[in-house]
Each structure stands twice: as C-alpha cells, then as structure tokens.
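Just below is one structure, and these are the notes that go with it.
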Amino acid sequence: MTVRTRFAPSPTGSLHIGGARTAIFNWLFARHYGGAFVLRIEDTDRERSTEESIDEIIAGMTWLGLDWDEGPFRQSDRLDVYKSLAGKLIESGDAYRCYVSSEELEARRKEAQERGEVFRYRREWAEVNAAPGKPYAVRLRTPDEGAIEVTDLLRGVVRFDAADIDDFVILKTDGFPTYNFAVVADDSEMNITHVIRGDDHLTNTPRQALIYKALSLDMPEMAHVSMILGPDGKRLSKRHGDTSVIAYRDQGYLPDALVNYLTRLGWSFGDQEIFTREELVGKFTLDNVGKSAAVFNMEKLDWLNGWYIRNRPAGEIAALVLPMLKERGINAEPGRKLEMIVKELGQRAKTLLDIVNSIGYFYADEITFDEKAAAKFLTPETGEALRDLTERLAAGEFTGDGLHAAFEKIMEERGMKMGAVAQPVRVALTGGTVSPGIFEVMEILGKEEVLKRLGRAVAYISEKG
RNA sequence: GGCCCCUUCGUCUAGCCUGGCCCAGGACGUAGCCCUCUCAAGGCUAAAACACGGGUUCAAAUCCCGUAGGGGCUACCA
C-alpha cells in the first residue's frame, strides 16, 4: 500500500509556524516514501472560517514549497457525505438524535461546576423536548466502561478509560460535522495511511477510534508530534508576536531556511544541522522524531537563515532582494552590480531585510555622513590623504591591483597604517564606519562615483576647517 | 478537578529501545583568543545539562517505582 498523508488546517487564520511544521512533516513523510500528500481544509466551524484564511494558508504552503498531490478539498463541500454517514449510524443504533440545546447544556455545565462536580452528559436528556421539526444534534453512543487503546507511532500504546468519554456530538445542529467526525470520514475516504498531527489531538484519538469502530473502518497509523512552544514555555501563539509564515517571508527569511529550521525542531539526524531539501526527503523518517515539546528559538533561525543567504548563489539572492528594493523606492537593477552588492552584504546579513536596510549608500545620489563618523575620520589630517588618494586613483588604473597600489603608496609616504587610511575612505564612500571591505566597495561603486564621493569628502573637510 | 503526554547545557538536540565506549557529544546563543581596513564571516578555546527521590545491577542518562514541574484534552473549536 502506498503512503498517503494529509495536512488538514482549519482556515481560522493564516498558516502559522506550528501548522507549517506539521505540514512539513507530512510532506516529507509522503515524499520520502514516494507517496501522496493531500491538502484538506477543515472549515466546519462556520463562525471562524474565512476565505481569506484559505488563501493565506495556500500562499504559505506555496512559498514553503510544500506541493500537494490532491486537493485542496473542503469539508464544507462534503456535508452530504457526513450527513449520510451519520444517518447510517443512527440507523444502526450507534448514534442518536439529541434535542438538548447547547444553551441548556451550558447552563447545566455551569451548575455542575458551581456544585464542584464534574459535568457529565447524560444520555437520558437526549429526548427531552423532542418534537417533530425541532433542531437536533447527532451524538455517538459510546461505551460506558472498558478501555480504549490507541497505538501511536511515537509513543506506543496509550490507554484511555471509556467512562471518561461522553456521548459526544458528531453532527451539529447546523448540519455540519464536528471535527472528530469529519476527520474520520475524510481520512478513511481519502485513504490516508498515516496521520501525523499535533500532540493536542492525542486525547481526541480515542473518540475517533470509537467512530472508526462504529463505522467498521480501520484506523490509519497515528503519530502525534509535540507542540512548538514560545520562549515562555507556553504553546506558541500570537502572544509571542507574529507567527504567521508569511510574516517570515516579508521579514526576509528564505523558505529553505525556515523548512530546515522547523524540521530540526523535533526531528534530528545525528549532529547534522543543515540539510538540502533532497537530504531532508531522503533522511526523514518517524524514527528520528522526538517526543518532547520544542521552544521556538529565533536566534538559531537567524543563524540558519544567514547561512543560507551566504551559501546561495548571489544571483538568486539578488532576485529576491530586488522587489524589496523597488518597494522601498530604491532604484536598483538586476545585474552584476546588484549581485556584487548582495554577495558582500549577504556575508553580513541574517535576513534579506538586513541587506535591504544596509544597501542605501550604494544607490544614493548623494550620501549623508554620519555625524560621529565624520567628526572622527573626516579631519584636516585625513583630508590630505584623501586628496592624495583621489589624485592617484584618477591617474591610475581602477583595478584591484591598482587600488591596492594606491593605498600602499599613501601608507608608505605618510607613514599611515591601513586602518588610518581605510576608515576615512569608508566614511567618504559610505557615510559610515561599517561596510564591506573598502576595495570591494570601491569596485562596486566604480571609478567615477568613487572620485565624486572622495571629492565631496575633501570639500566637506575644507569647508568645516 | 479528572484523564493523557512530556522532562539531557539558557535554547534545539545526540546518546536511552539493545545498561559499561558518557566525569555526557554536536549546534545556536554567550565569553575569550586568532584572523583583520570597519562590521561580519571563518578558525580555536571556555563556561554551561542527564528534574528530584527511591530501587534493580559489579555497573544507570540509559531498566523499574514514586514525586515534582511543564504541556494538552475535558465544546454543537479544530
């Protein structure tokens, strides 16, 4: 039997970090075994599901490069399936109509709580107020005693007491299925062989096992992966900042870096930290998935993302940076100059945004000097060296060797050290004290621009002095 | 409250199943040094963990029991 996995998000928000990791695990598992990966939208909560969320989830999946073989299916398109399945269960006596309204239940629940008792749904209430035409929910008739055993691929056999499980609702009053029911109906109909999902679903599994049994269906293999936590040890959520995958894209993270990072959160392969997509597919199995929760660590993601930026062809990074520059009104063009810049700035960046934010002086018509930098390095003494350099550069070849030779000459004649020459030049060319290597900067800027900027700095010094 | 899951450096983890090779390895971060025209990158070094308590055993991070802590579920949310 070929492997079939699925990712089944509910469209109540965009694709977030936790969901993405679940999607990645399912995708990797399917790809590793040459199986199929299905995308299914679980939009049975009419209150909270939105079209916008569906679009955002798909955008997130696409950006991460998690392609699906079937779907996206939508549960709201399949209501008749659930309805007829529920009808079958009513007929067989495995389920029954319940006329107790949710308001009524809520009141009883509250009452029980106030008395300090545990609330339990009573089967006898079902028929109370029953009347033809009155709305009803459908509940599964669950066993009152006995054990329900569930086998989890990561945790082994987990036992639950049937007495702890109420006759839960499978079909809501509005005709929509509940999560537990829809999941079973769909996973079985879509021939899902392996369900890989969050830990939070583990205690739902016995309920689903009951539904499988009532429907005489086999349960797929189950694997419950632990959750991702925020720095405070609580389940990762919006409280910890923007956790949507799209936000990471906009902040300049590379999809491969995010996928690499998220996969390593809960999965490992010896001491290896960096994996290509192909390696991930080749090496990913459930054997190496851990079972304890993991804290999302931004610093490590930053490091990984920086690594990816540094090790990707400059052309590729440039293509990603270009639209971000346009957005900010920086008039860059694709080509050698941009690639050289990206190669240098990428060396120092953790995100693409870092590159964008530090690229300004390469494209500015007129740079502004950082006050402190100018005060320290654009002085009458350095002014002479700058003027000297300007002349030499104007006269000589503007090549790597030529540039070095000009610097050497000045250092020699004036008894200056490299740093003493380079820093003023750096301020003159970039406006600040931090930049890529000075020769690289000059090469990127080009002879004309370098001479222009040096001239401006010299003029600035004499004006000031 | 009840039930379920989890517990190795601050964080991600290797090792645990198949006890000895582990006075616990790697990575991020942190600190120091090296390299160096600044900042990075890179190299080297350092500090840093088997939650706790009992057992079993010649020997336990590894097996067993208990405790504590954390997380989850307990909805006509998923």
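Order of the sequence lines fixes the chain letters, A, B, ..., with proteins taken first and strands second; residue numbering starts at 1 for each chain. A quick note: this is a predicted structure, and the numbers were derived from the prediction, not measured. For the numbers below, each heavy atom of this structure counts, side chains included, while hydrogens, waters and symmetry mates do not.
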### Query
Can you find a side chain N or O atom of Lys291(A) that sits less than 4.0 Å from OP1 or OP2 on C6(B)?
yes
### Task
For RNA chain B, find the residues of residues 149-157 of chain A with a heavy-atom distance under 4.0 Å and give them by number; none if there aren't any.
Arg155(A)
### Query
For residues Thr205(A) and His224(A), is any side-chain donor paired with an opposing acceptor at under 3.5 Å?
yes
### Query
Should C63(B) form a Watson-Crick or G-U wobble pair with both distances under 3.5 Å, which nucleotide is its partner?
G55(B)
### Task
Specify the separation, in whole Å, of atom CG of Asp287(A) and atom P of C16(B).
13 Å
#### Entry: Separation of the P atoms in C28(B) and A46(B), to the nearest angstrom
15 Å
### Span that lies between the C1' atom of U30(B) and that of G10(B), in whole angstrom
9 Å
### Beyond-backbone contact of Val450(A) with Leu393(A), side-chain heavy atoms, under 4.5 angstrom
yes
### Query
Nearest of G29(B), U7(B), C5(B) to any side-chain atom of Ser292(A)?
U7(B)
### Query
Nearest-Å distance, CG (Asn305(A)) to P (G29(B))?
13 Å
### Query
Considering Watson-Crick and G-U wobble pairs with both distances under 3.5 Å, what does C3(B) pair with?
G72(B)
### Task
Quick one: look up who A27(B) pairs with, Watson-Crick or G-U, both distances under 3.5 Å, and put none if it's unpaired.
U11(B)
### Contact nearer the 5' end of RNA chain B, comparing Glu440(A) with Phe160(A)
Phe160(A)
#### Entry: Whole-angstrom distance between C9(B) and G66(B), as gauged at atom P
24 Å
### Query
In chain order, what residues pass the ring-ring contact (aromatic ring centres under 6.0 Å, His included) check against Tyr361(A), with sequence neighbours excluded?
none
#### Entry: Between A48(B) and A24(B) - P atom distance, rounded Å
10 Å
#### Entry: Spacing between Leu386(A) atom CG and C37(B) atom C1', to the nearest angstrom
14 Å
### Summary
Nucleotide by nucleotide, nucleotides 71-78 of chain B touches protein heavy atoms under 4.0 Å in the pattern (B base, S sugar-phosphate only, - none) SBSSSBBB
### Message
Can you confirm whether the side chains of Tyr261(A) and Asn305(A) place a donor and an acceptor under 3.5 Å from each other?
### Response
no
#### Entry: Selection from C12(B), C4(B), G1(B) that lies nearest to any side-chain heavy atom of Val118(A)
G1(B)
### Glu371(A): side chain to side chain donor-acceptor pair (under 3.5 Å) partners, not counting sequence neighbours
none
### Query
Taking atom P of U11(B) as reference, at what distance in whole Å does atom CG of Leu304(A) sit?
19 Å
### Query
Do Glu273(A) and G26(B) share a donor-acceptor pair, side chain to base, under 3.5 Å?
yes
### Message
Regarding Gly198(A), tell me which of base, sugar-phosphate or nothing describes its non-hydrogen contacts under 4.0 Å with the strands shown.
### Response
nothing
### Separation of atom CD in Glu443(A) from atom P in C37(B), rounded to whole Å
18 Å
### Task
Return the set of residues passing ring-ring contact (aromatic ring centres under 6.0 Å, His included) with Phe369(A) (not counting sequence neighbours), or none when no residue passes.
Tyr460(A)
### Task
Could you tell me whether a side-chain N or O of Thr382(A) sits under 3.5 Å from a main-chain N or O of Thr379(A), the two making a donor and an acceptor?
yes
### Message
Output the rounded distance in Å from CD1 (Ile274(A)) to P (U13(B)).
### Response
17 Å
### Listed partners of Glu408(A) passing side chain to side chain donor-acceptor pair (under 3.5 Å), at least two apart
none
#### Entry: Other residues, nucleotides, ligands: >12 heavy atoms within 6.0 Å of Lys350(A) NZ
no
### Query
Which nucleotide, C3(B), C12(B), C37(B), lies nearest any side-chain atom of Val295(A)?
C12(B)
### Message
Listing request: all side-chain hydrogen bond (donor to acceptor under 3.5 Å, both in side chains) pairs with a residue in residues 414-425 of chain A, at least two apart in sequence or in separate chains.
### Response
Asp388(A)-Arg414(A), Gln423(A)-Arg426(A)
### Query
Rounding to the closest angstrom, what is the interatomic distance between U62(B) and A49(B) at atom C1'?
15 Å
#### Entry: Qualifying residues under ring-ring contact (aromatic ring centres under 6.0 Å, His included), relative to Phe284(A), sequence neighbours excluded
Phe25(A), Trp267(A)
### Query
Taking atom P in both C4(B) and U56(B), what distance in whole Å separates the two?
28 Å
### Query
What salt bridge (Lys or Arg N to Asp or Glu O under 4.0 Å) pairs are there with at least one residue in residues 75-90 of chain A, not counting sequence neighbours?
Arg78(A)-Asp186(A), Arg78(A)-Glu189(A)
### Summary
Nucleotide by nucleotide, nucleotides 38-49 of chain B touches protein heavy atoms under 4.0 Å in the pattern (B base, S sugar-phosphate only, - none) BBBSS-------
### Query
Which value, in whole Å, describes the distance between the C1' atoms of nucleotides C35(B) and A40(B)?
13 Å
### Query
Who are the ring-ring contact (aromatic ring centres under 6.0 Å, His included) partners of Phe407(A), not counting sequence neighbours?
Phe439(A)
### Query
Paired with C37(B): which nucleotide, if any, by Watson-Crick or G-U wobble criteria at under 3.5 Å for both distances?
none
### Query
G26(B) P sits how many Å from Asn288(A) CG, rounded?
20 Å
### Task
Give the rounded distance in Å between these two atoms: OH of Tyr261(A) and C1' of G29(B).
12 Å
### Query
Got a sec, which pairs hit salt bridge (Lys or Arg N to Asp or Glu O under 4.0 Å) with one end in residues 260-275 of chain A, sequence neighbours left out?
Arg264(A)-Glu273(A), Glu273(A)-Lys300(A)
### Task
Please state the C1' separation for the pair C16(B) and C21(B) - nearest whole angstrom.
15 Å
